[in-house]
Amino acid sequence: RSSDLKKIEKQLEELKKQLTEEDKEDITYKRPRYEYYWFLNSDGTFSTFRDDKDILDNFCYDVGNYFETEEQAENYKQKLLIEQELRDVARELNKGKEIDWEKSYQKKHYLGFNYNINEINCFTNTNFKSQGIIYCLSNDFKDVAIERIGEERLTKYLKGELD
């Protein structure tokens, strides 16, 4: 019996080691948490808190308002501002017209960065909606967006440099 017990204990130790290694592997793919983190306040300023994993810390982490550095928090702020500016430009240029995804003859314009020619491009779509893209019904979307937002800021946003 004692040899059976030793055998079982040895198997248990082996399983514990495997479990620990698997847990370590999973951790490397998760978004990290930090002892202290930065976040964007509702007034546009930044704060840093110790992560006690309380309700506020967990909420900031869950919604992506949780950063290792103040610079990352500033990039997040700029990204939010630019996205809202793009929505506002699209709304103004659409002049009350609604985008209708069932109407394939209605041209929907969106912005992207073309690395081949190193510039902002305006692309046209008719009936395929992609998640997270801001669409506009006007051919002038690119020009007005660059004028209002600025080419440098818009380029950084479209290239994903604020992520």
>> Under the ring pair (Phe, Tyr, Trp, His ring centres under 6.0 Å) definition, can you give me all pairs with a residue in residues 136-163, not counting sequence neighbours?
In response: none
> Considering residues at least two apart in sequence or located in another chain, which fulfil the side chain to side chain donor-acceptor pair (under 3.5 Å) criterion with Y76?
Replying inline: none
>> Tell me every residue that passes side chain to side chain donor-acceptor pair (under 3.5 Å) with E74, counting only those two or more places apart in sequence or in another chain.
In response: Q78
>> The criterion is side chain to side chain contact (heavy atoms under 4.5 Å, CB included); which residues satisfy it with I99, sequence neighbours excluded?
In response: N94, W101, Q106, K108, Y135, L137
> Looking at side-chain heavy atoms only, is the closest gap between L111 and F123 below 4.5 Å?
Replying inline: no
Say you draw a straight line from [atom1] of [X] to [atom2] of [Y]; how long is it, rounded to the nearest 0.5 Å?
| X | Y | atom1 | atom2 | value |
| --- | --- | --- | --- | --- |
| D54 | C60 | CG | SG | 9.0 Å |
| L154 | I120 | CG | CD1 | 4.0 Å |
| S138 | E92 | OG | CD | 11.5 Å |
| L40 | F46 | CG | CZ | 5.5 Å |
| R148 | I82 | CZ | CD1 | 15.0 Å |

> If you group Ile, Leu, Val, Met, Phe, Trp and Tyr whenever their side-chain heavy atoms sit less than 4.5 Å apart, what else falls in with F128?
Replying inline: none
>> Using a 4.5 Å cut-off between side-chain heavy atoms of Ile, Leu, Val, Met, Phe, Trp and Tyr, which other residues end up in the same hydrophobic cluster as Y105?
In response: none
> Which residue pairs pass the side chain to side chain donor-acceptor pair (under 3.5 Å) test when at least one of the two sits in residues 115-129, sequence neighbours left out?
Replying inline: H109-T124
> Going by the salt bridge (Lys or Arg N to Asp or Glu O under 4.0 Å) test, which pairs reach into residues 32-44, not counting sequence neighbours?
Replying inline: R33-D51, E35-R50
>> Test: salt bridge (Lys or Arg N to Asp or Glu O under 4.0 Å). Region: residues 153-163. Which pairs qualify, not counting sequence neighbours?
In response: K79-D163, E85-R153, K159-E161
> Who pairs with F59 by ring-ring contact (aromatic ring centres under 6.0 Å, His included), at least two apart in sequence or on another chain?
Replying inline: none
>> Once ring-ring contact (aromatic ring centres under 6.0 Å, His included) is applied, do any residues pair with Y66, and if so which ones, sequence neighbours excluded?
In response: Y34, Y37, Y61
>> Do E71 and N75 pair up side chain to side chain, a donor and an acceptor below 3.5 Å, judged on atom types alone?
In response: no
> Are L162 and L81 connected, step by step, through hydrophobic side chains (Ile, Leu, Val, Met, Phe, Trp, Tyr) whose heavy atoms are closer than 4.5 Å?
Replying inline: no
> Would you say Y110 and V144 are hydrophobically clustered, going by side-chain heavy atoms of ILVMFWY under 4.5 Å?
Replying inline: no
Could you tell me whether the side chain of [X] and the main chain of [Y] form a donor-acceptor pair under 3.5 Å?
| X | Y | answer |
| --- | --- | --- |
| N58 | K53 | yes |
| D57 | D52 | yes |
| T155 | E151 | yes |

>> Suppose we screen for salt bridge (charged side-chain N to carboxylate O under 4.0 Å, His left out). Which residues come up paired with E68, at least two apart in sequence or across chains?
In response: none
> Closest approach of L93 and C136, non-hydrogen atoms and distance?
Replying inline: CB-SG, 3.7 Å
> What do you reckon, is CD1 of I55 surrounded by more than 12 foreign heavy atoms closer than 6.0 Å?
Replying inline: no
